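All values derive from a computational prediction rather than experimental measurement. In this chain, numbering begins with 1 at the start of the sequence shown. Heavy atoms only: backbone and side chains are in, while hydrogens, waters and symmetry mates are out.
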Amino acid sequence: MNGIRYITIVVGIFLCLPISAQRQELGNVRNRSARQESSAAGTDRSSRKTVSSAHRVQYHRNFMKQSGDSLVIDMEIDMSKMNLPANHAQILTPVIGSETEEIELPKVMIQGAEKHRVFMRELELDDKAYEEFESNLPYAIVKPKGKLRYRMATPFEAWMTDAFLDVEEDLCGCGDQTKIARSRVFDGLTKEVVADPVYHVRPQLAYIQPEVEVIKNRTEISNAYLDFPRGKNEIYPDFGNNPSELAKIDKMIRTIATNKDITVQGVYMAGYASPESSLKFNTELSRARAEAMMQYFMNNSAIPPSLFETRTGGEDWDGLRRLLEDYPLSHKNEIFRLMNTVSDLDAREKAISQIGDGRPYKIIYEELYPKLRRVVCEVNYTVKDFSLEEAQENLTLAPQLLSLNEMYIVANTYDVGSSEFLKVFEVAREEFPDDPVANLNGAAAALAKNNLREAERYLKLADPSTPEYANNMGVFLMLKGNYPEADTYLKRAEKEGMQIASQNLRELKKKLANINNRREAGVDAERDDETPSQRRRVR
């Protein structure tokens, strides 16, 4: 075993040597001859028949170029498609050659698990084999999987100006000349390419002008969690938490009622109760508390009494379901099952109270039920149409009063792409979070600021059938680095008449050309100024 350890150390040290030391070590394995002495050998090499094998490796060229006084070879040996049996081996020998000269570089030994065990055992027991191995160290001994980066340097000489690089493949690892193939990896020195700076695309984004909102209907809703004395439905303004809860509703109603641009269409008070007690009792309780709330504001606001109306919400099981979804509680799945299957609300509430010896219900009663006992105030109103000046003013003061079309008109008073222009579309998406046009335009604004996360979220809520969507999705994918899919979307947008999609396709072409230029110049594909998804190689 000492011999095996020593061999491993020798190979490890060789592979860790700097290039200059590798060049010195390479002198031990150089095999050069004059043209007249090697002509026959060269002819013999080139005349070898290519051997077909399912176990062949593949080569990925990085570069072969002169660097100072050295010739540097950089390639990847891809063994991912090999299916080498455990008792087989292959030996790869890179050869630098020209019409007059050849040099063999350190070989790569690919060994199956059993073959490697036998090989190491032979070195341990056979001193002659070990000495031969030590005098001609390989570049690496590897398993037949994955990729190996082969990087080697040798002193540059004049004849190497026209050099090529072949790899001799001993497909059986046995030296049988009939089973040796030869693959050309580099036809000549890699052409020097000056790396261009990273190209940052300048995308053109599409915005949709929303349709005119004929009647600007708006709704504002607020919850009041009122405290009532036991057995009472009358509202006491100074009782418990009522002052702050009533002030909240009063502010909403007063703001709407006093706005000259607004016409109130209706005020609705809906009462809700928690499920304890009987359904009949809770339904009457919720109705009575809604009426008490309505009477209070009928007497304390400028809105005509005829516009007030009550609604009976009854037991708020939907509200309880929403609260339970985010609340850590044992037996929650069983509670949801009862809520889904037991239609009799009194029987449902009783069954839930008995789960887990009543412990979950006690928590629900104390922590969640109070949040269900409320009166919801809903005010419906219409808003007049605004002039440009009025719309600009309300965009800051009361953006909820504007239509999407009015916001679009305001945005286009600014330079396209300016911070003011983009801000309008951000506000529009906030005010109309479910509107497909607001999300399409919001995505465009996010893309203009290179905020890919927000853009992706908004695009999911936009209408995918529009050409504007295809253009903006193409831009998103291009900025993300998914160039093939970007090309597909942009071509679709171009076909559907989007002229800016043609400009974006030209930007995509420039980006791809830039990436290829930098790769050919030997610049690492990993770039600090781009996201990981943008670092994908474009083939």
Inset, instruction - Any chance you could lay out the salt bridge (charged side-chain N to carboxylate O under 4.0 Å, His left out) test for Lys362 and Glu366, step after step, and finish with the verdict? - result: CA-CA 6 Å; Lys362 184 175 185 296; Glu366 294 175 351; 2.9 Å; yes
Legend entry - Full working for side-chain hydrogen bond (donor to acceptor under 3.5 Å, both in side chains) between Arg337 and Asn340: CA-CA 5 Å; Arg337 182 184 62 79; Asn340 293 332; over 6 Å; no
Inset, instruction - Take Tyr414 and Lys423, measure what side-chain contact (heavy atoms from CB on, under 4.5 Å) needs, and give me the verdict at the end. - result: CA-CA 10 Å; Tyr414 304 112; Lys423 180 64 178 177; over 6 Å; no
Inset, instruction - For Val201 and Lys510, run side-chain contact (heavy atoms from CB on, under 4.5 Å): C-alpha distance rounded to whole Å, both residues' side-chain angles, the deciding distance at 0.1 Å, then the answer. - result: CA-CA 8 Å; Val201 297; Lys510 291 178 183 177; over 6 Å; no
Legend entry - Arg373/Glu276 under side-chain contact (heavy atoms from CB on, under 4.5 Å): CA gap, chis, key distance, verdict: CA-CA 11 Å; Arg373 304 164 192 152; Glu276 80 271 20; 3.0 Å; yes
Legend entry - From CA spacing to verdict: side-chain contact (heavy atoms from CB on, under 4.5 Å), Leu395, Gln392: CA-CA 5 Å; Leu395 185 68; Gln392 289 173 322; 5.8 Å; no
Inset, instruction - Report the C-alpha separation of Arg518 and Asp196 in whole Å, then their side-chain angles, then the decisive distance to 0.1 Å, and conclude whether the salt bridge (charged side-chain N to carboxylate O under 4.0 Å, His left out) test is met. - result: CA-CA 6 Å; Arg518 289 172 62 80; Asp196 292 336; over 6 Å; no
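At least one donor-acceptor pair closer than 3.5 Å links the side chain of Asn242 to the backbone N or O of Asp227. Judged by distance alone, the side chain of Asn504 and the main-chain N or O of Gln204 form a donor-acceptor pair under 3.5 Å. Between the side chain of Lys480 and the backbone N or O of Ala486, no donor-acceptor pair lies under 3.5 Å. Using a distance-only test at 3.5 Å, with no hydrogens or angles considered, no donor-acceptor pair links the side chain of Asp415 to the main chain of Ser418. Side-chain atoms of Asn241 never come within 3.5 Å of backbone atoms of Leu226 as a donor-acceptor pair (strictly under, hydrogens ignored). Between the Asp78 side chain and the Ser80 main chain, a donor and an acceptor come within less than 3.5 Å of each other. Side-chain atoms of Asp346 do not come within 3.5 Å of backbone N or O of Ser278 as any donor-acceptor pair. Distance alone, capped at 3.5 Å, is enough to place a donor-acceptor pair between the Asn516 side chain and the Leu512 backbone. Looking at Lys216, its side chain never comes within 3.5 Å of a backbone N or O of Leu402 through a donor-acceptor pair. Distance alone, capped at 3.5 Å, places no donor-acceptor pair between the Asn441 side chain and the Tyr207 backbone.
Glu315 places none of its side-chain heavy atoms less than 4.5 Å from the side chain of Thr283. With contacts defined as side-chain heavy-atom distances shorter than 4.5 Å, the pair Leu401/Tyr381 qualifies. At a threshold of 4.5 Å between non-hydrogen side-chain atoms, the residues Cys377 and Val267 count as touching. Here the side chains of Arg321 and Phe336 are in contact, with some heavy-atom distance below 4.5 Å. Leu388 places a side-chain heavy atom less than 4.5 Å from the side chain of Val410. Arg492 places none of its side-chain heavy atoms less than 4.5 Å from the side chain of Thr488. In this structure, the side chains of Lys511 and Val198 come closer than 4.5 Å at one or more pairs of heavy atoms. Side-chain atoms of Glu406 and Asn394, non-hydrogen and from C-beta on, never get closer than 4.5 Å to each other.
Remark: the Tyr361 side chain and the Glu349 side chain contain an N/O donor-acceptor pair separated by less than 3.5 Å. His116 and Gln111 are linked by a side-chain donor-acceptor pair at a separation below 3.5 angstrom, with hydrogens and angles left out of the test. Residues Asn405 and Ser403 have side chains that never bring a donor and an acceptor to within less than 3.5 angstrom of each other. No side-chain donor from either of Asp250 and Asn300 sits under 3.5 Å from a side-chain acceptor of the other.
Atom CD1 of residue Ile208 and atom OG1 of residue Thr466 lie 4.5 Å apart, to the nearest 0.5 angstrom. In this structure, Met252 CE and Glu378 CD are separated by 9.0 Å, a value rounded to the nearest 0.5 Å. The structure places OH of Tyr225 at 8.0 Å from CG of Leu372, a figure rounded to the nearest 0.5 Å. Between atom CG of residue Asn282 and atom OG1 of residue Thr312 there is a gap of 12.0 Å, rounded to the nearest 0.5 Å. In this structure, the separation between CD on Gln58 and CD1 on Ile77 is 12.5 Å, given to the nearest 0.5 Å. Here the CG-CZ distance, from Asn514 to Arg519, works out to 10.5 Å after rounding to the nearest 0.5 Å.
What you find for Phe476 and Leu459 is that their closest heavy atoms are CB-CD1, 4.0 Å. A pairwise comparison of heavy atoms in Ala493 and Ala470 identifies CB-CB, 3.8 Å as the closest pair. Between Ala428 and Leu404, the shortest heavy-atom contact is CB-CD2, 3.7 Å. Between Gly314 and Ser286, the shortest heavy-atom distance links the atoms N-OG, 3.3 Å. Of all the heavy atoms in Tyr369 and Pro275, the pair that sits closest is CE1-CD, 3.3 Å. Counting all heavy atoms, side chain and backbone alike, Leu246 lies closest to Phe297 at O-CZ, 3.8 Å.
Counted within 6.0 Å of NZ on Lys248, heavy atoms from surrounding residues, nucleotides or ligands total more than 12; the atom is thus considered enclosed. Taking a 6.0 Å sphere around CD of Glu211, one finds it holds 12 or fewer heavy atoms contributed by other residues, nucleotides or ligands. By the neighbour-count criterion of 12 heavy atoms within 6.0 Å, atom CZ of Arg254 is sparsely surrounded, having that number or fewer from other residues, nucleotides or ligands. By the 6.0 Å contact criterion, NZ on Lys449 is open, its count of non-hydrogen atoms from other residues, nucleotides or ligands being 12 or less. Around the OH atom of Tyr59, the shell of radius 6.0 Å holds more than 12 heavy atoms that belong to other residues, nucleotides or ligands. In the displayed structure, Arg61 atom CZ is contacted under 6.0 Å by at most 12 heavy atoms of other residues, nucleotides or ligands. No more than 12 heavy atoms of other residues, nucleotides or ligands sit less than 6.0 Å from atom CD of Gln499. Under a cut-off of 6.0 angstrom, the local environment of NZ in Lys332 is crowded, with over 12 non-hydrogen atoms contributed by other residues, nucleotides or ligands.
Partners of Ser330 by side chain to side chain contact (heavy atoms under 4.5 Å, CB included), not counting sequence neighbours, listed by chain and number: Pro360. In terms of the side chain to side chain contact (heavy atoms under 4.5 Å, CB included) criterion, residue partners of Arg348 (sequence neighbours excluded) are, by chain and number, Trp317, Met339, Val342, Leu345, Ile352.
Using cut-offs of 30° and 60° for the angle between ring planes, the Phe421 and Phe425 rings count as perpendicular.
Looking at Glu291 and Arg287, a side-chain N of the basic residue comes within less than 4.0 Å of a carboxylate O on the acidic one, giving a salt bridge. Taking a cutoff of 4.0 Å between a charged side-chain nitrogen and a carboxylate oxygen, Arg117 and Glu114 qualify as a salt bridge.
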